[in-house]
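Below is one structure, written out as structure tokens; the observations come after it.
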2 protein chains.
Amino acid sequence: MPEQKLKRPRTGRPDASPTLEDVAQRAGVSTATVSRCLNDPARVSEVTRTQVLKAVDLLGYAPNFGARALAAKRTDTFGAIIPTMENAIFARGLQAFQEELERNGITLLVSSSSYSPELEEKQIRALIARGADALLLIGHDRTQQSYDLLERKRIPHVIAWSIAPDVPRTSIGFDNRTAMKTLTHEVLALGHRHLAVISAPRAGNDRARDRCRGVVDAMVQHNFDPDRLRIIETPYSISNGAEAFQTLVTTASRPTAVLCGNDVLAAGALTRARELGLRVPEDISITGFDDIEIAQIVSPGLTTVHVPHRQMGTHAAKLLVAMRNNEYADDPASSVELDATIKWRDSLGPVPETGANTTD
Amino acid sequence: MPEQKLKRPRTGRPDASPTLEDVAQRAGVSTATVSRCLNDPARVSEVTRTQVLKAVDLLGYAPNFGARALAAKRTDTFGAIIPTMENAIFARGLQAFQEELERNGITLLVSSSSYSPELEEKQIRALIARGADALLLIGHDRTQQSYDLLERKRIPHVIAWSIAPDVPRTSIGFDNRTAMKTLTHEVLALGHRHLAVISAPRAGNDRARDRCRGVVDAMVQHNFDPDRLRIIETPYSISNGAEAFQTLVTTASRPTAVLCGNDVLAAGALTRARELGLRVPEDISITGFDDIEIAQIVSPGLTTVHVPHRQMGTHAAKLLVAMRNNEYADDPASSVELDATIKWRDSLGPVPETGANTTD
DNA sequence: AGAGAAAATGTAAGCGCTTACATTCATCAC
DNA sequence: GTGATGAATGTAAGCGCTTACATTTTCTCT
């Protein structure tokens, strides 16, 4: 009986996964050869390769990820932290992001922060511990510690869904502020003087903040007093949008146009308008932001800002891959600004001639 | 100078992450103590603990996940593979799933299979290699190899969004077939005789298949010839729903009720109906399935089947945690069936008295 | 005070993989 | 034939952590 050279005689457990060593033994080669066979097939001769591959197949071998990461110091894993998966815009962008990564042999780890910077910091830590080679983050609002961490560990990362012209960070997105300003200009041009906005909570959410600022920008530019702008903040949901809308229109000085921070809120507003017997846009105008599917199926169709979600995801992935490969390391100059354009549909119209809008 | 006992003198690289050993040294204890301090604080004395924690903080130490998994043979990571993140129903369930896992200190890894069993098999492999302790899967349709793999590696897993009474697998969900059958009964009870369905592609998707079967079941039960049922398959999207609807109503024998396999398809149908000048439900009835937000904001409101998405996610997480902890290992008996109920809104009405529906 | 138990800590052996370096062996120019 | 060359493979040292086991310290009780 030939001397067995088993360091670790396999236990009887049938569920134990086969290891590199098992494969090596089976194929009659060293573990190094098996490893090479799997990671760099060209360096192994034709015959051994088939031998090894056969053994792999037979044993149903799959490399242990942790061990590989430990030894190779590289995981081929990227992470993404989004505020919530329930928001279609992130879901869509993320899907595109993932598809692009897939093409590069990279696995994606996702977690959601529920719009909390503290939670996000925790998630960043977790993702780094898991060996994420690079990270996709949403927006610029986060704790300083988060940034420090990223810096210290030299984790390539890009910030999506928002660009901040003055911040030296690689980001990919569009200018929420300018987009909203442009929309507001249109609203103003249609004669509306009494505006209101329904926004997502602005704390910890620079996109929401920028959008509100955009409205103010436009008003100021037209010499209107921005202090008269009523802003209601409420979390992302149809019913919240509906509630906010109702609050807005049942006050003494009802606005003639309601600008919503996103389509979901706008959809809620639209629904409630109908329930209240208000015609859109004859009696009141409503606008959205994002241009998700919902915007085209509500009636009237929602005039909104179209955001290239999928494009952002794909682009972010490419950028991140390049950064990891050090092709152009962390250069903020590689940031890209995409266009967000107004998508005209029917929910925005001229200000009503007469009606409830008082000009006290 | 006291003898340094540094196995691996730290290189000058400032970006290298501190290791357990660094912390141990700093705190003047052994690595074992640090490890215990982090994983089982009770086993360490108060004073050492604070010392260690201080060192951890100072160094910004975060454990290396791969190494930990390798040594502990446990990752505290669960995986989930969903068909696509773009479908709101999965996104929502997944969010709930994740929240529940979070409460148990478990991290979630997500990937999407694009409705392809082959791709899903690949993802399962990847997730297992990454050390997922347990898996959440959608539906029962997958390759035999996938099941074998799960079996062989003894990976606890639950199947969600679908229950198959006759299959011995732990699953959590509702009975798609019966739910659709119930809905169809209602449609039939309203006098409709000429039905059609717009379904998601049935290959590799047991939910879609079951829903179609449910329609047939009801028809058979009423002694109607199911061969006359027109079924159009088309991928999940609003515009596809619209197209399918148009095809359906422009044929010679137009149906009086169109049952859609999901709300998104139904929303498309509804939109197109409006564009075509067809009144819903006066001229034609349309139903959906899932009861996502979209169903309540379209007009008329969509009569659909309400599915408890979040509940499913939460429950699945609890089940999986229990399974991993061996509380009741893999017992199919622990499957749970949730209720899916009809959500009445306005898109389903009585069959029109007169009209285009021929009874050739 | 001293034995024995319990608590706290240290020692060191892996976990499954990659990879630098060493070894073997066939090939080839001269 | 010989040494140089390079391709193919093997050897073994870790990667950063957990944990069984050994050792030391502290406490408890008579």
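To find a chain, count down the sequence lines: A is the first, B the second, and so on, and within it residues start at 1.
In this structure, the CD1 atom of A:Ile128 is 17 Å from the C1' atom of D:dG16, given to the nearest Å. Look at CD on B:Glu21: it is 13 Å from C1' on C:dT11, rounded to the nearest Å. Look at CZ on B:Arg74: it is 17 Å from P on C:dG16, rounded to the nearest Å. Per the geometry, CD belonging to A:Gln51 stands 16 Å off P belonging to D:dA8, to the nearest Å. To the nearest angstrom, P of D:dT18 lies 11 Å from CG of B:Leu70. If you take CG of B:Asp76 and C1' of D:dT18, they are 13 Å apart, rounded to a whole angstrom. A straight line from CD of A:Glu46 to P of D:dA8 spans 11 Å, rounded to a whole angstrom.
Of the listed nucleotides (D:dC17, D:dT11, D:dA8), D:dC17 has the atom at the smallest distance from the side chain of B:Thr19. When the nucleotides C:dT19, C:dC17, C:dG10 are ranked by their closest atom to the side chain of A:Leu20, C:dC17 comes out on top.
Between the side chain of A:Ser335 and the backbone N or O of A:Ser171 there is at least one donor-acceptor pair closer than 3.5 Å. Remark: side-chain polar atoms of A:Asp22 are paired, donor with acceptor, to backbone N or O of A:Thr19 under 3.5 angstrom. Between the B:Asp141 side chain and the B:Asn205 main chain, a donor and an acceptor come within less than 3.5 Å of each other.
Residue-to-nucleotide proximity on DNA chain C shows that, of B:Ala71 and B:Ser45, the 5′-proximal contact is made by B:Ser45.
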Can I get a per-line list of side-chain donor-acceptor pairs under 3.5 Å for residues 27-37 of chain A, giving both atom names and the distance, sequence neighbours left out?
from, atom 1, to, atom 2, distance (Å)
A:Ser30, OG, A:Ala32, N, 3.4
A:Ser30, OG, A:Thr33, N, 3.3
A:Ser30, OG, A:Thr33, OG1, 3.2
A:Ser35, OG, A:Asn39, ND2, 3.4

Using a 3.5 Å cut-off and no angle test, enumerate the donor-acceptor pairs between side-chain atoms of residues 75-83 of chain B and protein atoms at least two apart in sequence or in another chain.
from, atom 1, to, atom 2, distance (Å)
B:Thr75, OG1, B:Thr77, N, 3.3
B:Thr75, OG1, B:Gly131, O, 2.5
B:Thr75, OG1, B:Asp133, OD1, 3.1
B:Thr75, OG1, B:Asp133, OD2, 3.4
B:Asp76, OD1, B:Arg74, NH1, 2.8
B:Asp76, OD1, B:Arg324, NH1, 2.8
B:Thr77, OG1, A:Arg130, NH1, 3.4
B:Thr77, OG1, A:Arg130, NH2, 2.1
B:Thr77, OG1, B:Thr75, O, 3.2

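A:Arg26 meets the salt bridge (charged side-chain N to carboxylate O under 4.0 Å, His left out) test with no other residue; sequence neighbours excluded. With sequence neighbours excluded, the residues forming a salt bridge (charged side-chain N to carboxylate O under 4.0 Å, His left out) with A:Lys122 are B:Glu102, listed by chain and number. Applying the side-chain hydrogen bond (donor to acceptor under 3.5 Å, both in side chains) test to A:Ser113 and every residue at least two apart in sequence or in another chain returns nothing. In this structure, B:Glu46 has no side-chain hydrogen bond (donor to acceptor under 3.5 Å, both in side chains) partners at least two apart in sequence or on a different chain. For B:Thr48, the side-chain hydrogen bond (donor to acceptor under 3.5 Å, both in side chains) partners two or more places apart in sequence, or in a different chain, are B:Ser45. Listed by chain and number, the residues in a salt bridge (charged side-chain N to carboxylate O under 4.0 Å, His left out) with B:Arg310 are A:Glu86, B:Glu99 (sequence neighbours excluded).
Between C:dG16 and B:Lys73, a contact under 4.0 Å exists linking OP1 or OP2 to a side-chain N or O. Checking the phosphate oxygens (OP1, OP2) of C:dT9, a side-chain nitrogen or oxygen of B:Thr48 falls inside 4.0 Å. Under 4.0 angstrom from either OP1 or OP2 of D:dG16 there lies no side-chain N or O belonging to B:Thr31.
Rounded to 10 degrees, the angle separating the terminal axes of the helix from C:dA1-D:dT30 to C:dC30-D:dG1 is 30°, with each axis obtained from five end pairs.
Of all the residues in residues 59-69 of chain A, A:Tyr61, A:Pro63, A:Asn64, A:Ala67, A:Arg68 reach under 4.0 Å from DNA chain C with at least one non-hydrogen atom. In the region residues 33-43 of chain A, proximity to DNA chain D at under 4.0 angstrom, judged on heavy atoms, holds for A:Thr33, A:Arg36, A:Arg43.
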Mind listing the N/O atom pairs, protein and nucleotides 24-27 of chain D, below 3.5 Å?
none

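Looking at heavy atoms from C-beta onward, B:Phe65 lies out of side-chain contact with A:Ile128 at the 4.5 angstrom threshold.
Atom CD of A:Glu151 is surrounded by 12 or fewer heavy atoms from other residues, nucleotides or ligands within 6.0 Å.
As judged by a 4.0 angstrom heavy-atom cut-off over every strand, B:Ala72 is placed among residues touching the sugar-phosphate backbone only.
Remark: B:Arg169 is positioned above the aromatic ring of B:Tyr147, its terminal NZ or CZ atom under 6.0 angstrom from the ring centre and at most 45 degrees off the axis.
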